[in-house]
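Below is one structure; the comments refer to it alone.
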Amino acid sequence: MKKLLAALLVMLGINAMADDINLWQKSTLNSIVQKGVLTVGLEPGYMPFEMKDKQGNIIGFDVDMANEMAKAMGVKLQLVPTAWDGIIAGLLTGKYDIIMSGMTITQERNLKINFADPYISVGQTILAPKKHAGKKWSDLDKPEYTIVTKIGVTGEIATRKMFKKAKIRTFETEADAAQEVLNGNADGLVYDKPYNAIFFAEKGADKLVHLSEELTYEPLGFAIRKGDPDFLNWLNNFLNQAKNDGTYKKIYDRWFADTAWQKKVM
């Protein structure tokens with residue numbers, strides 16, 4: 001009986017090992033290593049995470065993180081510019097290996113894709129004309145006011161959840177929505193705090209106010225396809241290493257503490 005049990009345990013161990021090998025062979029991480037290229041899906045329009053400089057190159061916080069990631073893998077990096085409304089579909093159909101595009105981790109998205117541990121947290125704030133200085137977001141929830149945001153992002157979700165009386169308009173890009181406020185055609189832009197702070201500093205200091213109290217808690221994460229524990233494990237270890245060896249801080253300071261990069265895009 002003991003010999004039979006021992007044989008069974010050995011057999012189960014072999015089967016488990018075979019399953020692990022099969023899982024690894026199907027892993028996106030294994031595929032990246034084999035082809036020698038990490039492909040990253042992103043929408044280059046979200047300062048300072050990903051954007052185009054004056055020469056048309058895609059730069060930003062996420063791009064620098066992607067470069068470090070590719071270096072750690074020992075592979076080349078390929079960026080795949082993608083419209084936001086199709087970015088998850090592109091991941092699911094294999095157009096790229098990972099989304100690194102300032103994507104907020106939400107439970108709804110997590111039903112379709114998996115996220116590595118959050119690498120930064122942002123919240124929704126409001127850019128408004130100067131006439132609204134000193135007001136709270138709730139003061140703008142009136143029928144005579146118009147609130148704008150970008151379509152298909154967490155800013156739209158927060159806007160529709162919080163503003164029940166004001167008119168709501170959505171735009172394809174955050175830049176178009178912000179311009180609408182700058183031109184005096186809207187009473188508030190609901191969007192991510194980093195973008196609003198940068199837009200205010202660069203273009204709106206004399207015309208706008210930044211109501212900087214965060215309306216939401218929004219952790220951002222790198223997104224991958226489901227069923228890939230090896231890739232997820234690698235990403236979390238990469239983030240932990242980067243945050244503890246100074247790599248993350250160096251990149252963070254370059255895009256959030258220094259303003260030199262703004263000359264490349266403005």
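Under the 3.5 Å distance criterion, the side-chain polar atoms of Asp62 are matched with a main-chain donor or acceptor of Gly102. Checking side-chain atoms of Asn67 against main-chain N and O of Val63 turns up a donor-acceptor pair under 3.5 Å. A distance-only check finds no donor-acceptor pair linking the side chain of Asn236 to the backbone of Ala116 [under 3.5 Å]. Looking at Lys54, its side chain does come within 3.5 Å of a backbone N or O of Lys263 through a donor-acceptor pair. Formation of a donor-acceptor pair under 3.5 Å by the Thr173 side chain with backbone atoms of Asp176 is found in this model. The backbone N or O of Val80 sits less than 3.5 Å from a side-chain atom of Thr82, completing a donor-acceptor pair.
Of the N and O atoms on the side chains of Asn240 and Asn244, at least one donor lies less than 3.5 Å from an acceptor on the other residue. Ser27 and Asp228 form a side-chain donor-acceptor contact under 3.5 Å, judged by distance and modelled atom types alone. A donor-acceptor pair shorter than 3.5 Å cannot be found between the side chains of Tyr145 and Asp139. Counting only N and O atoms by type, the side chains of Gln241 and Asn237 include no donor and acceptor under 3.5 Å apart. For the residue pair Gln124 and Asp192, a side-chain donor N or O sits within less than 3.5 Å of a side-chain acceptor on the partner.
Taking 4.0 Å as the cut-off between side-chain N and carboxylate O, Lys164 and Asp141 do not count as a salt-bridged pair. Ion pairing of Lys250 with Glu68 is absent here, as no side-chain N (NZ or NE/NH1/NH2) approaches a carboxylate O to less than 4.0 Å. Between Lys193 and Glu218, no side-chain nitrogen of the basic residue sits less than 4.0 Å from a carboxylate oxygen of the acidic one, so the salt-bridge criterion is not met. Ion pairing of Lys35 with Asp97 is present here, as a side-chain N (NZ or NE/NH1/NH2) and a carboxylate O approach within less than 4.0 Å.
When the shell of 6.0 Å around CD of Glu213 is examined, it contains 12 or fewer heavy atoms from other residues, nucleotides or ligands.
Using a 30° and 60° split on the angle between ring planes, Tyr195 and Phe199 fall in the parallel class, below 30°. Ring geometry, Trp261 versus Trp255: the interplanar angle falls from 30° to 60°, so the pair is classed tilted.
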Legend entry - Derivation of the salt bridge (charged side-chain N to carboxylate O under 4.0 Å, His left out) call for Lys131 and Asp187: CA-CA 9 Å; Lys131 64 182 180 181; Asp187 296 280; 3.8 Å; yes
Inset, instruction - Output, in order, the C-alpha distance, side-chain angles, deciding distance and verdict of salt bridge (charged side-chain N to carboxylate O under 4.0 Å, His left out) for Arg169 and Glu156. - result: CA-CA 9 Å; Arg169 295 170 57 203; Glu156 182 184 7; over 6 Å; no
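Aromatic ring centres of Phe256 and Phe49 lie closer together than 6.0 Å.
Annotation: side chain of Leu77 is not in contact with side chain of Thr39 (no heavy-atom distance under 4.5 Å).
Screening Leu235, Thr28, Ile113 for a side chain to side chain contact (heavy atoms under 4.5 Å, CB included) with Ile224, the sole residue that qualifies is Leu235. Residue Phe163 is tested with Thr146, Thr149, Ile147 for a side chain to side chain contact (heavy atoms under 4.5 Å, CB included); the sole match is Ile147.
Geometrically, Lys243 engages Tyr248 in a cation-pi contact defined by less than 6.0 Å to the ring centre and at most 45° from the axis.
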